[in-house]
Amino acid sequence: MDNNKTNGQPVGLFADKALKDEPHVGYVKAAPTASTQTHATEESNDLTAHAGKKTTIASGEALKLAVVGHTNTGKTSILRTLLRDVYFGEVKNEAATTRHVEQAKLTDSQTGEDLVILYDTPGLEDASGLMDWLEDNTASRRDGIERLQQFLAADIAQGGDALTSSGGNDDYSQEAKVIRQLLASDMAIYVVDAREPVLGKYKDELAILSWAAIPVMPVFNFTDSQDANIDEWQTMLARRNLHISTRFDSVAFEFEDEMRLWQNLATMLTHSEMLEQLMTRRTENWAQLYDEANIIIADFLLNVAAFVYEINEDDDPMPILAQMQEAVRQSERAMQHNLLNLYKFYDNAVAATPLELQAYQQDPFDPELLKSYGIRTTSGAAAGALLGLGIDAAALGTTLGLGAAIGGIAGGLLSNTSSIADKITGVKRLYIDPATLTLLATRAIDLLTALRHRGHAATDATQLLYKGEKTNIEQALDDDGHTVTPWPTHKLPSELKKARGKPQWSSLSSGKSEQAQLLRADMAWSLASKLQSRESE
């Protein structure tokens with residue numbers, strides 16, 4: 001259905017002034033999520049001058065928001081982040097990637113109601129040339145919409161065969177697509193690459209956009225870059241009576257910036273109910289995501305903490321240790337991918353995700369990694385020991401020690417004989433030690449933090465990461481350079497201590513994934529609450 005029409009008539013502020021555009025093949029979203037729907041919008045809307053006029057967005061009607069700006073300023077990138085959709089449109093580090101207007105919807109995740117309809121437009125490639133044409137071919141005494149309408153009727157706005165038959169050389173068909181959509185929308189955001197200097201071509205773009213007579217709000221992209229020129233831009237914008245702007249970095253994402261974007265837009269509308277509803281729902285959804293993420297992490301930690309393997313006192317522990325380590329590595333990778341999918345990065349391949357996952361895939365049993373976090377094994381051996389396995393009295397409450405042979409081989413590996421019966425029968429139980437559990441918890445929290453502050457715009461693992469950005473290990477250090485772990489290594493949370501005696505809680509021990517998850521579900525909720533409280537400190 002054409003979202004720019006109602007009963008055959010165009011809608012949107014000054015939609016009656018927009019003229020017909022050529023049809024095209026656009027972006028099609030394969031599987032929209034519960035809160036976001038996207039698909040191509042055909043530019044063949046019959047927007048005639050005889051259609052009914054609108055002077056503002058009506059109460060209870062979805063906001064039609066055009067996303068406009070110069071070529072390669074990150075319009076599609078911003079939309080990807082707003083939509084939480086890494087596949088919307090096409091993002092490349094080259095000019096004029098978007099060639100047609102593409103549509104996406106933000107819906108109420110509970111009711112399915114359309115709240116905002118976003119339009120991704122092609123880049124304005126030569127606004128200065130278009131301004132020269134407008135000054136030469138339209139009367140200055142006419143209002144802006146009339147001058148834009150005259151341009152849209154000219155051959156240079158049609159491109160292709162129309163331009164060839166007229167013998168002209170100037171092709172402004174891309175600018176025409178932007179202006180048509182602008183006139184069919186309620187308002188627009190003008191995307192600014194904050195790293196760019198203020199140039200004449202940008203001033204001409206703003207002048208042309210102002211002629212559409214709809215509210216336009218500048219949005220600064222790439223604001224975390226050291227090369228940002230926001231002060232200069234704001235001075236220029238103020239001289240053009242654009243006093244409301246906002247920052248929204250499509251790579252270094254901040255949820256508060258998104259809320260500020262919607263709030264600033266709301267202040268420019270007569271009826272802002274839909275935006276207010278959107279802000280309420282997105283705030284609820286963001287908090288829910290955080291709750292679910294912490295449960296994923298807590299469930300993973302309990303699964304690992306309950307992981308136990310019994311061996312006879314005289315058995316060689318090395319093959320068993322290797323098996324246990326690999327099981328933990330795979331479990332951690334599964335947890336990481338669950339977090340990626342939860343935040344809609346939709347990928348299990350490092351190279352296609354918009355953050356560098358390599359650091360999060362370092363071997364958790366590498367002694368150097370433990371040392372880099374400043375975590376020491378509870379046995380007092382060198383950081384990380386040899387195998388990163390063991391248990392001590394502080395973690396479990398009872399430790400009857402190791403045989404001298406195993407202690408000498410593993411250099412920090414500790415087993416537990418938790419009962420007299422075990423000692424009599426010569427059974428040893430091997431667990432993941434508190435130091436490794438603490439490392440796994442710290443790294444999971446770091447990854448969650450990275451996901452909550454990463455937009456959906458990058459096209460590979462390293463692209464668009466800002467110079468000087470901290471690594472996950474650096475993020476785990478406080479101002480004094482001390483490791484910030486969720487708990488001291490020798491003071492595991494009570495939930496993890498309890499898991500030590502519940503091998504049936506671990507799918508790694510029992511092989512029964514669903515049953516084990518159900519058994520530890522209540523404890524996962526409890527541990528997730530503690531993780532959240534520690535993360536907020």
Side-chain angles (χ1 to χ4, degrees), residues 1-5 10-12 15 18-33 35-47 62-107 114-125 152 157 159 172-191 193 205 209 212 214 216 219 221 248 250 261 265 278 344 346 354 455-459:
M1 178 179 178
D2 192 334
N3 289 285
N4 282 337
K5 293 185 180 181
V11 295
L19 299 181
K20 183 177 180 180
D21 193 6
E22 75 284 355
H24 71 272
V25 177
Y27 167 81
V28 178
K29 169 73 171 166
T33 66
S35 59
T36 304
Q37 298 178 6
T38 60
H39 59 82
T41 176
E42 296 293 344
E43 300 260 0
S44 58
N45 304 324
D46 185 16
L47 302 174
L63 172 70
K64 286 168 283 297
L65 180 63
V67 181
V68 302
H70 194 74
T71 298
N72 212 31
T73 56
K75 297 182 294 298
T76 302
S77 296
I78 281 182
L79 280 164
R80 282 187 172 185
T81 299
L82 287 175
L83 297 166
R84 317 284 191 260
D85 185 353
V86 296
Y87 300 120
F88 176 80
E90 186 177 7
V91 174
K92 290 183 180 179
N93 190 25
E94 60 186 49
T97 302
T98 301
R99 305 302 298 177
H100 305 287
V101 176
E102 298 181 9
Q103 175 186 290
K105 293 181 181 179
L106 293 177
T107 63
D114 292 343
L115 301 177
V116 176
I117 304 174
L118 297 158
Y119 297 95
D120 188 15
T121 65
L124 294 166
E125 298 177 0
L152 291 174
Y172 294 104
S173 57
Q174 289 300 104
E175 283 79 5
K177 293 175 183 178
V178 178
I179 292 172
R180 288 189 183 97
Q181 186 56 59
L182 195 70
L183 293 173
S185 301
D186 299 304
M187 63 191 316
I189 60 174
Y190 175 73
V191 180
D193 184 340
E205 288 171 1
L209 295 178
I214 64 172
V216 176
V219 173
N221 195 11
F248 186 80
S250 60
L261 182 152
L265 287 174
L278 177 68
K344 298 184 179 179
Y346 297 125
H456 290 67
T459 58

Are Glu125 and Tyr172 close enough that a side-chain donor and a side-chain acceptor fall under 3.5 Å?
-> no
Does a donor on one side chain sit under 3.5 Å from an acceptor on the other, for His100 and Lys177?
-> yes
Do any N or O atoms from the side chain of Asp193 and from the backbone of Gly74 form a donor-acceptor pair under 3.5 angstrom?
-> no
Separation between CG of Leu265 and CG of Leu63, rounded to the nearest 0.5 Å = 7.0 Å
Intermediate values then yes/no, salt bridge (charged side-chain N to carboxylate O under 4.0 Å, His left out), Asp85 and Arg80 = CA-CA 5 Å; Asp85 185 353; Arg80 282 187 172 185; over 6 Å; no
Quick one: do Lys64 and Asp186 make a salt bridge, cutoff under 4.0 Å?
-> yes
Ionic contact status for Lys75 with Asp120, cut-off 4.0 Å | no
Of Thr81, Leu82, Thr76, which is the lone residue that meets side chain to side chain contact (heavy atoms under 4.5 Å, CB included) with Ile78?
-> Leu82
So, do Leu65 and Ile189 sit near enough that their side-chain heavy atoms are less than 4.5 Å apart?
-> yes
With a 4.5 Å heavy-atom cut-off, do Phe88 and His456 have their side chains touching?
-> no
If I compare all heavy atoms of [X] with all of [Y], which pair ends up nearest, and what's the gap?
| X | Y | result |
| --- | --- | --- |
| Thr73 | Asn221 | O-ND2, 3.2 Å |
| Ser185 | Tyr119 | OG-CD1, 4.1 Å |
| Glu205 | Gly69 | OE1-C, 4.5 Å |
| Leu115 | Thr107 | CD1-C, 4.1 Å |
| Ala188 | Leu182 | CB-CD1, 3.5 Å |
| Val68 | Leu209 | CG2-CD1, 3.8 Å |

Step-by-step side chain to side chain contact (heavy atoms under 4.5 Å, CB included) determination, Leu261 to Val219 | CA-CA 8 Å; Leu261 182 152; Val219 173; 4.2 Å; yes
Taking only residues two or more places apart in sequence or in another chain, which ones pass side-chain hydrogen bond (donor to acceptor under 3.5 Å, both in side chains) with Glu175?
-> none
Walk me through it: do Val67 and Thr121 pass the test side chain to side chain contact (heavy atoms under 4.5 Å, CB included)?
-> CA-CA 6 Å; Val67 181; Thr121 65; 5.5 Å; no
Gln103 and Leu118: CA distance, side-chain angles, deciding distance, side chain to side chain contact (heavy atoms under 4.5 Å, CB included) verdict = CA-CA 6 Å; Gln103 175 186 290; Leu118 297 158; over 6 Å; no
